[in-house]
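Each ligand, and each atom within it, is numbered from 1 in the order the structure gives. Just so you know, residue 1 is the first one in the sequence shown, and it goes up from there.
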Amino acid sequence: MLPWYDPCTMKLRHILLLALAVPVFAQDAKLAKDVESVYPDMHALYLDLHQSPELSFHETQTAAKLATRLRSLGFDVTEHVGETGIVAIMKNGAGPTVMLRTELDALPVEEKTGLSYASKVRTKDNSGREVSAMHACGHDIHMASFIGTATIMAHSKDTWHGTLMLVGQPAEETISGAKKMIDEGFITRFPKPDVAIALHVGNWLPAGKVGTGSGYQSSNADSLRITIYGKGGHGSMPFTTIDPIVIAARTVLSLQTIVSREVKPGEIAVVTVGYIQAGTKNNIIPDQAELGLTVRTYKPEIRKQILAAIERMCKAEAEAAGAPRAPQIERFEFTDSTYNEPGLDQRLGPVLEAALGKARVEVGEPILASEDFSYFTAQGIPSYYFWLGGADPQKYAEAKAGGPALPSNHSPLFAPVVDPSLHTGIAAEVAVLRNLLNASAQDLHKLANSHGSN
Ligand SMILES: [Zn+2]
Ligand SMILES: [Zn+2]
């Protein structure tokens, strides 16, 4: 049971909190007051964003809403950086440049949460197919936190100095938006950040908490498309053919031995074959078969080992069957793991504890999901990525005790508990930014000198 939500003490704490007039989401009274001052507006913004999701690289209305608000706060805003991306800058004297990122995009998922503010949006995907859209990854919470944070920072310029850079990144879900922004001159057109931060909401923590940690936070992801070539013919005469379906089936089983037999136990590695596509009719042996894989790892050397093993096994299985040519292996989507500089974690963990209360900051476990925030890190920008609890605390406790599992991100049922997730997101971001924007650029460079290990 989580101490903060212990039903026995909840009542007492409420009375105490009311007496002290300190809202539950932040321990730092000034910070709590700052968050409270923007909260009603940010809650309304959240509901609006939730009901108007847009798919990757189609976030035009979303980006425009954010840009308008940032401009009215006094930020210098550039739109269409990486198609629909935005970069907003506020200079406030000498000091470091610190970047905060939010994602803008939603997913082609039909919302089934039953919430009064559930998305009913239908739209077209890139292939022209009509699909539903939903903020099933919580990027709407990220955006509302981001604007709440921007508002507080713009109204309290006496609490920080340096350059605040707010980045609205498109197309995180297709892990292509950060790359697009960088391809379109993100590094050369704008001041290079000394540190970049981002958060992500999920049900792996109860709402009201944040999770931090040093080292790997999310995984390397590699998407592979493998085309296996055979020789087609009549299903009744397999001896005249080379059956690519049988090669594909053997390949799938071989691939499952990479993690179990070749990777050292204890290392994190996943090889999943998500689809096999071949054939049209039961009595026709097709010419080729296609496998779709996702590979997840943390360490670069394990990633290299697995990708090499996949290639070796696919080629060997095709050769064993006498295939007319070697399989084609395409790596069509990939991203690096996100990595928290240990020095930054040592500095910012206590900052979050001071802002929110020690009981509300957990050392988070790295997860095997992936994201392209690491593209910014790969440009030599040290980064700090942390988790924001989104789960209903009671349901979270029940799930921990063996009850029904909570829906994961991307589920049609995923819905973070807005309050206190949003309060906590704003409080955490403001606390981290104020801390970093009171350091010197040199101090931050020293904290990040371990970079390069991912
Ligand atoms: Zn997602
Ligand atoms: Zn996400």
Exercise. Using a strict 4.0 Å threshold on nitrogen-to-oxygen distance, state whether Asp28 and Lys33 make a salt bridge.
Key: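 Answer for the salt bridge query: no.
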
Self-check item: NZ/NE/NH1/NH2 to OD/OE distance under 4.0 Å, Arg303 and Asp336
Solution: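 Salt bridge: yes.
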
Quiz prompt | CA sep, side-chain torsions, deciding dist, call: Glu341, Arg347, salt bridge (charged side-chain N to carboxylate O under 4.0 Å, His left out) | solution = CA-CA 10 Å; Glu341 298 294 343; Arg347 181 181 176 112; over 6 Å; no

Self-check item: Contact flag Cys137/the Zn ion (ligand 1), N/O/S atoms, threshold under 2.8 Å
Solution: yes

Quiz item: Is the Zn ion (ligand 1) less than 2.8 Å from an N/O/S atom of Glu371, whether that atom is in the backbone or a side chain?
Solution: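 Coordinating: no.
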
Self-check item: N/O/S from His142 sitting under 2.8 Å away from the Zn ion (ligand 2)
Solution: no

Quiz item: Taking the Zn ion (ligand 2) as the vertex, how big is the angle to NE2 in His200 and NE2 in His139, rounded to 10°?
Solution: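 The two atoms form an angle at the metal of about 110°.
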
Exercise. Answer with yes or no after comparing the ring centroid distance for Tyr46 and His50 against a 6.0 Å cut-off, counting only values under it.
Key: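 Yes - the distance between ring centres of Tyr46 and His50 falls below the 6.0 Å cut-off.
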
Quiz item: Which of the N/O/S atoms in His410 sits closest to the Zn ion (ligand 1)?
Solution: NE2

Quiz item: Regarding Arg225 and Thr227, is there a side-chain donor-to-acceptor distance under 3.5 Å anywhere?
Solution: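 On atom types as modelled, these side chains do not qualify, holding no pair under 3.5 Å.
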
